[in-house]
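Atom set for the values below is all heavy atoms of this structure, side chains included, hydrogens, waters and symmetry mates excluded.
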Amino acid sequence: MSETIQPKATIVIFGATGDLANRKLYPSIYRLYKSGKLDENFAVIGLARRGWNNEIIREKVEQSIQGLISEGEDISEFTSHFYYKSFDVTSTESYTDLKFMVESLEREYHTGGNRLFYLAMAPDFFGTIANQLKDHGLKETSGWTRLVIEKPFGHDLASAKKLNKELQAAFEENQIYRIDHYLGKEMVQNIEVIRFANGIFEHLWNNQFINNIQVTSSETLGVEERAHYYDTSGATRDMIQNHMLQMVALLAMEPPINLSTEEIRSEKIKVLRALRTIKEDKVSKYFVRGQYGAGNIGGEKVIGYQDEADDLKDSATETFVAGKLVIDNYRWAGVPFYIRTGKRMKEKSTKIVVEFKDIPMNLYHKKDDLRNPNLLVINIQPNEGITLHLNAKKTGNGNLTEPIQLAYHQDADSGINTPEAYEKLLYDSMLGDATNFTHWDEVALSWEFVDRILASWSNKKPDFPNYESGSMGPKAADELLEKDGFHWWPE
């Protein structure tokens, strides 16, 4: 869709006093406003329990966007679009008052009845809010109505089904926008373009030419203030079930008939359906879990996971997961997809590495240990870009070769202003473009796959901690690839 479209809407944020609204939503709305992607006719209603008022929320919004404001810039016109209401999500009276407020602001700002409800709060209340919005007539309007929800979408397949049933009792599937902020990242969206707009890659994008594909998302941070939430989640629920499997689906999907939301989602769902089912007694052959201990990061000593909070003592929650995925279809039969994610690792990075097969008889590399395979590296963060690893003749006499890199760094291009993931997704949700949001079928298939792994682990007490902070995870994660004759790139 064209970025010249300027949607008009009333944006209602449940959880307006929280960290997500402050760090992501308010700055994203401001950037959309400044870049001309948001119509002047918009209003934002912040809802939360705290006793704020319009003046306080406008001050908070101004504080949240300080790093984006030009010197001397007057932002009072922007902040004047923000309103606040103290709100109890379980109170019928609160929704009656909200309806009156929404309708009043719609008349003032001429938003055409377009309403975006953003649930930036605990998922326990998603079903309650959705049904209250419907029961009080907030869903019915002359314009469009959309419900944006944050992860986690359930704790397992059963709870996800329960939540989805509650949501779909109030809203249609095409009105529900499930956010996965990784899908808003520019280089994740670029996966499709790299594949489907370049014959040099798509013709080779199969088991005849690719040895393996690796997806790594590592963090140097520990759990910090998220300790309580994280201990009930762990790396599998926090990263594998959503972000990692979504990237695998984009990498492995067949070319869609067209670039519509329905066709792209359809191809991603086919990938998730083709994931080989891992029986509980075979999980250890395909997956490795870990938990960080004390170590050193950036020259500073850091404590282990179990010392982050008193209630984490003897915790069996994993902070690291590495796995081998097998996709049983014609294109990918025999090609392993390796994934790994973890906290307190050596570097903060999210990258995809595609390792191509060597030619049948390499005249320049007769010994396997001297070969440098061709790699396509897609850096999602922090250094967004693409690097192609090739072999070239080494300067001088003889037939020696050396690896070279052809690189394009997106953040180094002054002509490109990479949008913040939430900015992109917020804009898409107002346009009605659900391409980069997850469909219920994707959520269900992901949980079905992950639940078996978690069930297997629940029956065995792990020997934690099993990797030092500042490393790239437990030794078993390296062995997972070594038994197939591969290793993690880069080493």
> Aromatic ring centroids of Phe14 and Tyr118 under 6.0 Å?
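For Phe14 and Tyr118, the ring centres are not under 6.0 Å apart.
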
> Among side-chain atoms of Ser349 and Ser218, is any donor-acceptor pair under 3.5 angstrom?
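Per modelled atom types, Ser349 and Ser218 side chains form no pair under 3.5 Å.
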
> Judged by atom type as modelled, is there a donor-acceptor pair below 3.5 Å linking the side chain of Tyr83 to the main-chain atoms of Asn53?
no

> Could you tell me whether the side chains of Thr216 and Arg340 share a donor-acceptor contact shorter than 3.5 Å?
yes

> Counting heavy atoms not belonging to Asn258, are there more than 12 under 6.0 Å from its CG?
yes

> Under 3.5 Å, is there a donor-acceptor pair between the side chain of Glu318 and the main chain of Thr236?
yes

> Should Tyr177 and Asp428 count as side-chain neighbours, where that means a heavy-atom distance under 4.5 Å?
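No, too far: nothing below the 4.5 Å cut-off.
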
> Do the non-hydrogen side-chain atoms of Gln246 and His243 ever get within less than 4.5 Å of each other?
no

> Show your reasoning for whether ring pair (Phe, Tyr, Trp, His ring centres under 6.0 Å) applies to Phe126 and Phe153.
CA-CA 10 Å; Phe126 287 176; Phe153 197 91; 7.6 Å; no

> Could you check whether atom CD of Glu468 has more than 12 heavy atoms from other residues, nucleotides or ligands sitting under 6.0 Å from it?
no

> Can the ring centres of Trp332 and Phe337 be said to be less than 6.0 Å apart?
yes

> Would a 4.5 Å heavy-atom cut-off, applied to side chains only, mark Lys34 and Glu73 as touching?
yes

> Using the ring of Tyr422 (Phe, Tyr or Trp, six-membered ring only), decide whether Lys24 places NZ or CZ under 6.0 Å from its centre and within 45 degrees of its axis.
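Output no; distance or angle outside limits.
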
> Do Tyr182 and Asn242 come within less than 4.5 Å of each other through their side chains, counting heavy atoms only?
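When only atoms from C-beta onward are counted, Asn242 and Tyr182 do not touch, as no gap falls below 4.5 Å.
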
> Can the positive tip of Arg265 be found less than 6.0 Å from the middle of the six-membered ring of Phe437, inside 45° of the ring normal?
no

> Scan side-chain atoms only and decide if Asp180 and Thr438 contain a donor-acceptor pair under the 3.5 Å cut-off.
no

> Does some side-chain heavy atom of Arg344 sit less than 4.5 Å from a side-chain heavy atom of Phe320?
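No, every pair of side-chain atoms sits at 4.5 Å or beyond.
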
> Regarding Asp88 and Ser94, is there a side-chain donor-to-acceptor distance under 3.5 Å anywhere?
no

> Kindly indicate whether the side chain of Ile149, heavy atoms from C-beta on, has any atom under 4.5 Å from the side chain of Leu167.
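A side-chain contact exists here, since the closest heavy-atom pair is under 4.5 Å.
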
> Is the number of heavy atoms from other residues, nucleotides or ligands under 6.0 Å of Asp310 CG greater than 12?
no

> For Glu93, I'd like to know if atom CD has over 12 heavy atoms of other residues, nucleotides or ligands within 6.0 Å.
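12 or below, so no.
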
> For Tyr292 and Asn466, test the side chains for any donor-to-acceptor distance below 3.5 angstrom and give the result as yes or no.
no

> Could you tell me whether the side chain of Trp447 reaches within less than 4.5 Å of the side chain of Lys161, counting heavy atoms only?
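Answer no - side chains too far apart.
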
> Please confirm whether Tyr30 and Phe78 have ring centers closer than 6.0 angstrom.
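Yes, ring centres under 6.0 Å apart.
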
> Is the distance from the ring center of Phe82 to that of Tyr26 below 6.0 Å?
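They qualify: ring centres under 6.0 Å apart.
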
> Could you tell me whether the side chains of Gln306 and Gln291 share a donor-acceptor contact shorter than 3.5 Å?
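Their side chains do contain a donor-acceptor pair, which is all the 3.5 Å distance test asks for.
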
> I want to check something: taking the side chain as every heavy atom from C-beta on, are Met472 and Tyr467 in contact at a cut-off of under 4.5 Å?
no

